[in-house]
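What you see below is based on every heavy atom in this structure, not just the backbone, and it leaves out hydrogens, waters and symmetry mates. Every chain is numbered from 1 and lettered A, B, ... according to where its sequence line falls, protein lines coming before strand lines.
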Amino acid sequence: MIGHIQELIENALEHLQAKGEFNLDQTPTINIERTRSKDHGDYASNVAMMLAKPLKMNPRAIAEKIIAELTDTSHVSKVEIAGPGFINFYLTDACRLQVIKKILKQKHDFGNQELGAEHKITVEFVSANPTGPLHVGHGRGAAFGSSLCNVLKKVGYDVHAEYYVNDHGRQMDILAMSVWLRYLELCGEQITFPVNGYKGEYIVDIARKVRQKFGDDFRHGQVEVFAQVSPDETEGGDKELHVDDLVLNAKDILGKGYAKIFKIALKTILTGIEDDLEEFAVFYDEWFSEKSLHEGDTIERALAILEKGGHLYKKDGALWFNATHFGDEKDRVVMRENGLKTYFASDVAYLLNKFERGFEKSVYVFGADHHGYIPRLKAATKALGFDADKIEILLVQFAHLFKGGEKLKMSTRSGEFVTLRELVDEVGCDAARFFYVMRSHEQHLDFDMDLAKSQSNDNPVYYIQYAHARICSIIRKLEEQNMTHNIEIGHVSLELLVEEQEHDLIKALSQYPEVVEKAAVNFSVHSIANYLRELAQLFHSYYNAHQVQIDNENLRNARLNLCLATRYVLADGLALLGSSAPQEMRAEDKPEL
RNA sequence: GCGCUCGUAGCUCAGUAGGAUAGAGCGGUUGCCUCCUAAGCAAUAGGUCGGGGGUUCGAUUCCCUCCGAGCGCGCCA
């Protein structure tokens with residue numbers, strides 16, 4: 001529709017230009033937008049104001065000339081000049097009502113678009129280190145990333161959701177070592193647990209698993225385990241050195257056994273993460289192992305490309321990437337003096353891998369604390385010879401958790417955190433998903449656990465689901481009234497929908513494709529949530545103002561068509577956000593306050 | 001210190017590729033269940049869009065500056 005009006009104005013301008021009334025060097029971009037207030041019609045253009053300066057004419061006079069030249073006005077019932085020079089367009093009723101037929105025909109495909117043109121796009125999100133269960137801090141990235149994938153699919157992208165598994169490196173070693181120490185405690189050894197070890201209860205669970213499977217196979221005396229280990233922080237030493245020494249000892253003492261413990265720890269935690277995410281309606285196409293980059297030749301090849309481009313140099317025994325050349329604030333080490341590749345080297349390799357797999361675009365969803373990574377990843381992209389626009393890095397601001405009025409601190413290491421699973425169990429997946437994405441991802445989010453748990457009916461998701469359930473209920477109960485729903489009768493009777501609430505609802509429905517497109521282009525998933533709330537609000541108003549189950553067959557079927565169309569859009573929007581659309585909501589399910 | 005992000009109603013937040021009278025929820029006040037689910041509806045109060053300057057026909061939106069908040073600045077992962 002916007003395109004149609006755009007065309008009308010373009011033609012008018014051409015005519016005026018040809019007649020010599022206007023003398024423009026170039027045709028301006030014509031801006032058509034939805035009006036905010038219905039007093040201003042359905043669509044408006046500011047083109048007259050834009051032309052005021054180059055034409056040196058009064059905007060209202062320009063608008064008059066343009067309107068006089070509008071030709072095909074079959075879809076437009078009224079055009080008027082308003083305010084400083086806006087041209088407002090009013091659509092005909094027939095045109096407006098069309099959307100109901102369209103939705104009932106397309107159903108859940110309504111709003112689908114070809115914007116993405118089936119381009120391959122990857123979205124990487126969460127990618128938390130597999131050193132413990134996901135906590136509520138990870139929830140926002142999970143909810144946002146997952147919903148973003150849904151939205152991008154809806155507009156036609158071939159979306160590939162990925163979780164980058166950091167199954168390589170020091171943190172994983174500390175994890176395996178922590179499990180072993182807990183295992184030794186279970187065997188009856190006296191162990192002083194390191195300050196910097198992983199302390200969560202889940203570590204003991206894994207240790208128990210190891211013991212079940214291997215019995216006392218990995219049991220060694222306390223003296224041997226702590227031999228030659230530098231003192232921990234509690235004894236005036238360095239906690240980092242202390243754990244590193246313990247890891248070295250573990251590897252020495254256990255030999256092949258070390259890999260077995262490592263494997264059980266990784267697998268247990270990763271499976272747990274997968275289960276938690278599944279419970280949260282978050283699904284991945286690929287769990288990408290960092291270790292696979294080390295085991296293959298991707299890192300070497302990535303570094304070779306940088307080397308060939310002259311972007312690597314040696315300094316102080318380490319190998320550096322010349323990131324400042326590409327706009328980063330400092331150069332980055334890719335290989336340390338001790339010969340170990342840095343985490344950043346893996347990142348570059350993973351980036352290369354994504355390009356090699358043919359992705360048109362790579363989207364990264366990062367926590368806000370990772371914003372420092374943007375320049376270096378962009379730098380690496382350019383140095384690898386790709387366009388920096390091919391990667392899109394989205395920062396999700398922190399969700400601050402409040403419990404009992406206190407701000408909670410999250411620490412995986414100390415084991416003090418609320419897990420995502422606990423949240424989902426208490427609040428429910430629908431509410432949790434919605435709560436996380438109802439605010440812009442760029443905005444800090446205050447997540448009040450008490451509110452979410454104890455008064456979850458305040459959550460707008462219930463409001464939207466209720467609108468959906470009400471529609472289902474209307475349709476379900478038709479039979480009790482000896483009534484039927486005939487879509488064809490409804491279609492030919494649509495012009496009977498003359499109530500203000502019906503107009504408003506129809507208008508909102510017609511906006512859905514635009515809302516989806518905007519959400520995809522701007523990565524603003526939350527605008528879907530806002531839209532759904534507005535749509536639900538319009539429906540609830542309508543529901544209270546007018547009866548659907550009425551004797552007048554034509555009007556009844558027209559209204560049922562409108563209700564059904566609303567139902568499809570509500571259900572589809574909720575699905576994009578990862579929430580369900582229940583057929584009914586019972587009062588007795590309402591949480592006690 | 002340098003850098004990134006943010007500042008809109010009592011609270012939590014929408015809105016801004018510059019547009020017409022800045023919106024919603026919660027909280028406050030007042031009404032509505034012999035009628036398709038009251039997890040609902042209707043009405044009402046509440047604002048110097050952090051302060052100041054600039055660009056423009058027009059700025060909450062863009063630029064500068066100041067104030068305030070969060071985060072980041074390792075041969076860690």
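Here A:His540 lies in heavy-atom contact (under 4.0 Å) with sugar-phosphate atoms only. Residue contacts for A:Gln397: at a heavy-atom cut-off of 4.0 Å it reaches the sugar-phosphate backbone alone, with no base atom in range. Nucleic acid contact class of A:His468 (heavy atoms, under 4.0 Å, all strands): none. At the heavy-atom level, A:Asn88 lies under 4.0 Å from base atoms of the strands shown. Within the nucleic acid shown, A:Gln443 comes within 4.0 Å of sugar-phosphate atoms alone, with no base atom in reach, counting heavy atoms only. A:Ser473 comes within contact range of at least one nucleobase, with a heavy-atom separation under 4.0 Å. Contacts of A:Asn46 with the nucleic acid, taken as non-hydrogen atoms under 4.0 Å apart, include base atoms. A:Lys315 comes within 4.0 angstrom of a base, heavy atoms only. Note on A:His40: a base of the nucleic acid sits closer than 4.0 angstrom, heavy atoms only. Among the heavy atoms of the strands, none lies under 4.0 Å from A:Ala52.
Separation of the C1' atoms belonging to B:rC26 and B:rA39 is 15 Å when rounded to the nearest angstrom. On the P atoms, B:rG23 is 14 Å away from B:rU60, given to the nearest whole Å. Using atom C1' as the reference point in both B:rG7 and B:rG74, the two lie 32 Å apart (nearest Å). A gap of 11 Å separates the P atoms of B:rC49 and B:rU8, to the nearest Å. When the C1' atom is compared between B:rG72 and B:rA45, the two are found 43 Å apart, to the nearest whole Å. Across the C1' atoms, B:rU44 and B:rA9 are found 15 Å apart, a figure rounded to whole Å. The P atoms of B:rC11 and B:rG51 are separated by 15 Å, rounded to the nearest whole Å. Rounded to the nearest Å, the gap between the P atom of B:rC33 and that of B:rA38 is 12 Å.
Between A:Phe321 and A:Phe326, the ring-plane angle classifies as parallel under the 30° and 60° cut-offs. Between A:Tyr313 and A:Trp320, the ring planes are parallel. Angles under 30° get that label, and only those over 60° would be called perpendicular. Note: A:His370 and A:Phe366 have tilted aromatic rings, judged against thresholds of 30 and 60 degrees for the angle between ring planes. Taking the six-membered ring for Trp and thresholds of 30 and 60 degrees, A:Tyr343 and A:Tyr164 have ring planes more than 60 degrees apart, a perpendicular arrangement.
Note on A:Tyr463: a side-chain N or O is less than 4.0 Å away from OP1 or OP2 of B:rC41. Distances shown here put a side-chain N or O of A:Arg470 below 4.0 Å from the OP1 or OP2 atom of B:rA38. For the pair A:His370 and B:rC71, the criterion of a side-chain N or O lying under 4.0 Å from OP1 or OP2 is not met.
In terms of position along RNA chain B, the nucleotide closest to A:Ala44 lies nearer the 5' end than the nucleotide closest to the other residue of the pair A:Phe344 and A:Ala44. In terms of position along RNA chain B, the nucleotide closest to A:Ser527 lies nearer the 5' end than the nucleotide closest to the other residue of the pair A:Gly83 and A:Ser527.
Between the C1' atom of B:rC71 and the CZ atom of A:Arg140 lies a distance of 14 Å, rounded to the nearest Å. When the P atom of B:rC75 is taken as reference, atom CG of A:Leu319 falls 14 Å away, rounded to whole Å. A:Arg533 has its CZ atom 15 Å from the P atom of B:rA14, to the nearest Å. If you measure from atom CG of A:Leu445 to atom P of B:rG70, you get 17 Å, rounded to the nearest angstrom. Atom CG of A:Asn31 is separated from atom C1' of B:rG19 by 10 Å (rounded to the nearest Å). Note: CZ (A:Arg34) to P (B:rG23) measures 19 Å, nearest angstrom. Separating the OH atom of A:Tyr462 from the P atom of B:rG25 is a distance of 19 Å, rounded to the nearest angstrom. Put simply, CG on A:Asp369 is 13 Å from C1' on B:rC73, counting in whole angstrom units.
When distances are taken from the side chain of A:Ala318 to each of B:rG40, B:rC36, B:rC75, the shortest belongs to B:rC75. Each of B:rG19, B:rU12, B:rG15 was ranked by its minimum atom distance to the side chain of A:Arg439; first place goes to B:rU12. Taking the side chain of A:Pro84 as heavy atoms from C-beta on, and the options B:rA39, B:rG19, B:rA14, the nearest nucleotide is B:rG19. Ranking B:rA20, B:rC75, B:rC36 by closeness to the A:Ala82 side chain, first place goes to B:rA20. When distances are taken from the side chain of A:Lys477 to each of B:rC36, B:rC75, B:rC13, the shortest belongs to B:rC36. Checking B:rC4, B:rA42, B:rG19 against every side-chain atom of A:Met50, the shortest atom distance belongs to B:rG19. For A:Asp316, the listed nucleotide lying nearest its side chain is B:rC75; candidates were B:rG3, B:rC75, B:rG40. The listed nucleotides are B:rA14, B:rA20, B:rC75; the one nearest the side chain of A:Thr35 is B:rA20. For A:His526, whose side chain is taken as the heavy atoms from C-beta onward, the closest listed nucleotide among B:rG72, B:rG15, B:rC36 is B:rG15.
Glycosidic conformation at B:rA17 (O4'-C1'-N9-C4 for purines, O4'-C1'-N1-C2 for pyrimidines): syn, within 90° of 0. The glycosidic torsion of B:rC33 lies within 90° of 0, placing the base in the syn range.
For B:rG3, the base has a donor-acceptor partner in the side chain of A:His371 [N/O atoms by modelled type, under 3.5 angstrom].
Within the shown strands, nothing qualifies as a pairing partner of B:rA17 under the Watson-Crick or G-U definition with both distances less than 3.5 Å. Both distances falling under 3.5 Å, in either a Watson-Crick or a G-U wobble arrangement, occur for no nucleotide opposite B:rU55. B:rG46 is unpaired under the criterion used here, namely a Watson-Crick or G-U wobble arrangement in which both key atom distances are under 3.5 Å. Using Watson-Crick or G-U wobble geometry with both donor-acceptor distances under 3.5 Å, B:rG70 finds its partner in B:rC4. Across all strands shown, B:rC32 forms a Watson-Crick or G-U wobble pair, both distances under 3.5 Å, with B:rG40.
Proximity of A:Ile62 to A:Met49: side-chain heavy atoms (C-beta onward) are nowhere separated by under 4.5 Å. By the 4.5 Å heavy-atom criterion applied to side chains, A:Ile299 and A:His294 are counted as neighbours. Within the 4.5 Å cutoff, no side-chain heavy atoms of A:Glu80 are placed close to those of A:Phe89.
Because its NZ or CZ atom is not both nearer than 6.0 Å to the ring centre of A:Phe539 and within 45° of the ring axis, A:Arg470 does not count as a cation-pi partner of that residue.
One finds no salt bridge joining A:Asp331 and A:Lys315 here, because no Lys/Arg side-chain nitrogen approaches an Asp/Glu carboxylate oxygen to under 4.0 Å.
Residues A:Ala318 and A:Val333 share a closest heavy-atom pair of CB-CG1, 4.2 Å.
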